[in-house]
Amino acid sequence: MGVLSFSKWIAEAPAWVLSLPEGLQNLVFQLYQTFIYKDRWQFFTSGLKITFIVTIGALLMGVVIGLVLAIIRTMKESYTATKPPVILRILNFFTEIYLTVIRGTPMMVQLLIMGFVIMVPKTEEGRIICGILTLGINSGAYVAEIVRSGLMSVDKGQAEAGRSLGFSYAQTMWYIVIPQAIKNILPALGNEMITLLKDTSLVSVIALRDVTKQTQNIISKTYSAMVPYISLAIIYLVIVIAMTKLLRAFEKRLRKSDH
Amino acid sequence: MTIENNTVIKVENLQKSFGKNHVLKGISTEIKKGEVVVIIGASGSGKSTFLRCLNCLEDPTGGNIYFDGVDIADTSVDINIHRQKMGMVFQQFNLFPHMTIMRNMTIAPMKLLKMSKEEAEAKALELLDRVGLKDRANDYPSMLSGGQKQRIAIVRALAMNPQVMLFDEPTSALDPEMVGEVLDVMKKLANEGMTMVIVTHEMGFAKEVASRVVFIDDGVIAEENAPAEFFSNPQNPRLKEFLSKVLA
């Protein structure tokens with residue numbers, strides 16, 4: 001049903017195809033039925049749209065969660081001699097549980113639990129939100145470490161100089177520590193974005209129609225896996241290479257303004 | 001608790017421990033207005049910790065520090081307000097590398113003292129002129145030598161109009177040929193009547209500029225005296241040993 005047969009296709013194929021050797025004829029046929037027949041390229045574009053939405057949504061969420069967690073942990077660590085206030089100790093306790101659980105379990109398992117136990121979305125929008133939430137919560141744990149190590153990479157003397165001038169802890173962070181930490185945080189955050197983009201391929205397990213899931217949908221129509229999967233790999237690779245190039249250029253500009 | 005009018009900082013039985021390590025074991029002293037107190041001692045004696053306790057960069061674990069009419073060792077006191085009136089200069093300069101020299105010097109007066117930009121910049125230029133670095137206002141710290149950085153660090157602290165200046169080994173990280181230019185700025189400051197507490201290894205500077213020299217040993221003040229008497233007639237055997245090493 002709806003499957004295009006090679007013999008039917010070759011009968012109507014243009015003359016240049018017929019002049020090719022047999023193996024290449026088959027490859028052209030595979031490409032044709034993967035991309036062109038019944039406008040199947042639209043599977044890839046609609047899938048990519050979901051992939052980008054989930055990546056960006058999860059990254060934004062991850063950054064917000066990561067910032068909050070990093071600030072809690074850094075604040076707690078700033079109390080060296082005296083005991084930190086009770087609220088901070090409670091927050092830090094939950095932060096550590098969060099980091100341990102999220103980093104200690106596979107993202108696939110987190111998706112399965114979120115998609116089939118906690119949220120159980122019924123609509124496409126629901127599945128998108130479920131995917132963003134799961135990946136965002138996961139990413140937040142890693143972003144927290146990126147931000148924390150970025151803050152810690154700033155020399156302790158900088159914060160001391162700020163405090164000695166009379167700035168509060170928050171002012172010292174805002175005017176002095178964070179602007180210096182950003183140069184270390186942004187490149188690492190870019191890498192996290194690339195990881196996140198690749199990890200979105202897992203959302204197909206909650207039936208979210210990202211580019212990976214859509215490729216599987218094409219295969220379910222053509223009964224041929226090679227060309228769709230290789231194409232999928234190339235699509236991811238091209239996007240990652242492009243993102244890496246952009247990040248390099250961005251890092252270069254950051255370093256240029258380095259004093 | 002009454003403090004004499006000319007006392008800037010009064011320290012009573014100051015204690016500081018890092019975990020089980022008891023660094024300061026009860027220090028009491030008074031720093032009078034216009035006094036230049038030089039603190040010397042072997043490394044690990046607690047002299048830097050003492051200085052850092054004076055503006056609570058290290059929280060004291062016991063005792064009192066009266067400054068500005070309150071006990072700033074009390075953790076319920078808003079230390080930020082009082083730190084604005086105590087300038088501090090660090091061994092490693094700690095200029096803010098992402099800001100120009102001008103911004104380094106104006107950010108605290110503008111944000112904390114609510115000075116206008118024009119006022120803060122005028123004051124910064126005047127201070128820079130005093131240390132001969134007026135032409136570097138728009139440079140970044142990485143473009144300066146160590147001695148220049150430390151002179152900027154001193155005037156950055158002065159831009160807040162502090163009542164007292166704390167110096168934590170200000171010349172220890174400098175190349176030898178740059179020590180003089182920093183000490184000259186400090187001498188000038190002392191002659192202008194600034195109250196200063198200085199931890200240093202520069203014995204020549206102590207002899208010449210100090211109004212009082214304090215020897216800290218094993219977390220207590222082992223001896224203190226006017227510099228002439230302190231260096232020519234030391235009493236404490238540990239001080240004698242220390243001086244024989246550093247003056248040799």
Side-chain angles (χ1 to χ4, degrees), chain A residues 71 74-89 92 147 149-189 250-259, chain B residues 16-19 21 23 49 51-61 75 78-101 103-105 107-113 139-144 153 156-160 162 165-166 168 173:
Chain A
I71 287 169
T74 317
M75 265 179 90
K76 197 231 162 199
E77 277 164 19
S78 74
Y79 289 87
T80 46
T82 50
K83 269 194 167 180
V86 181
I87 296 177
L88 198 54
R89 276 178 16 228
N92 188 62
V147 174
S149 69
L151 292 175
M152 278 177 16
S153 72
V154 178
D155 178 37
K156 237 182 99 195
Q158 290 291 311
E160 284 184 353
R163 296 306 302 271
S164 80
L165 286 167
F167 284 117
S168 67
Y169 178 80
Q171 286 172 317
T172 303
M173 278 296 190
W174 186 248
Y175 294 123
I176 294 154
V177 178
I178 290 174
Q180 295 182 60
I182 277 180
K183 280 179 191 168
N184 294 317
I185 291 173
L186 283 184
L189 217 49
F250 181 64
E251 270 175 60
K252 237 184 190 170
R253 281 192 58 181
L254 268 186
R255 232 172 290 135
K256 232 182 225 169
S257 69
D258 214 0
H259 291 287
Chain B
K16 174 69 188 178
S17 305
F18 295 97
N21 186 10
V23 180
T49 304
L51 191 79
R52 291 163 58 84
C53 279
L54 290 182
N55 65 353
C56 297
L57 272 188
E58 304 290 355
D59 285 318
T61 38
T75 47
D78 179 7
I79 186 66
N80 298 326
I81 291 168
H82 303 291
R83 278 201 190 119
Q84 293 174 14
K85 299 168 193 163
M86 303 172 122
M88 182 146 190
V89 176
F90 299 86
Q91 186 176 348
Q92 297 296 341
F93 331 127
N94 296 344
L95 296 180
F96 307 134
H98 58 302
M99 300 177 188
T100 60
I101 301 305
R103 183 77 177 145
N104 260 281
M105 293 186 62
I107 183 164
M110 281 167 64
K111 303 287 178 195
L112 298 171
L113 304 180
D139 289 347
Y140 282 88
S142 62
M143 300 154 87
L144 304 180
R156 176 177 72 179
L158 288 176
M160 290 293 285
M165 286 283 286
L166 312 175
D168 189 4

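Labels below follow one simple rule: chain letters A, B, ... track the order of the sequence lines, proteins then strands, and each chain is numbered from 1.
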Nearest 0.5 Å please: distance from the CZ atom of B:R83 over to the OG atom of A:S168.
-> 10.5 Å

About how many Å separate CD of B:Q92 and CD of A:Q158, when rounded to the nearest 0.5 Å?
-> 11.0 Å

Salt bridge (charged side-chain N to carboxylate O under 4.0 Å, His left out) partners of residues 92-101 of chain B, not counting sequence neighbours, each pair once = none

Test log, rule side-chain contact (heavy atoms from CB on, under 4.5 Å), inputs A:R163 and B:N55 = CA-CA 9 Å; A:R163 296 306 302 271; B:N55 65 353; over 6 Å; no

Honestly, the part of B:F96 sitting under 4.5 Å from a heavy atom of chain A is both

For B:N94 and A:G157, indicate whether the former's side chain and the latter's backbone hold a donor-acceptor pair under 3.5 Å.
-> yes

Go through the atoms of B:M160 and report whether side chain, backbone, both or neither lie under 4.5 Å from a heavy atom of chain A.
-> side chain

Where do A:G166 and B:Q84 come nearest, in terms of heavy atoms and distance?
-> CA-CG, 3.8 Å

Mind ranking B:A108, B:A159, B:C56 by heavy-atom pairs under 4.5 Å with chain A and telling me who comes out on top?
-> B:A108

Heavy-atom distances under 4.5 Å only: say whether B:R52 touches chain A with side chain, backbone, both or neither.
-> side chain

Atom CG in A:L165, atom CE in B:M88: separation rounded to 0.5 Å?
-> 11.0 Å

Please report the closest heavy-atom contact between A:A161 and B:F90, naming both atoms and the distance.
-> CA-CE1, 3.6 Å

Given B:L95, B:L112, B:I81, B:L166, the one with more heavy-atom pairs under 4.5 angstrom with chain A than any other is B:L112

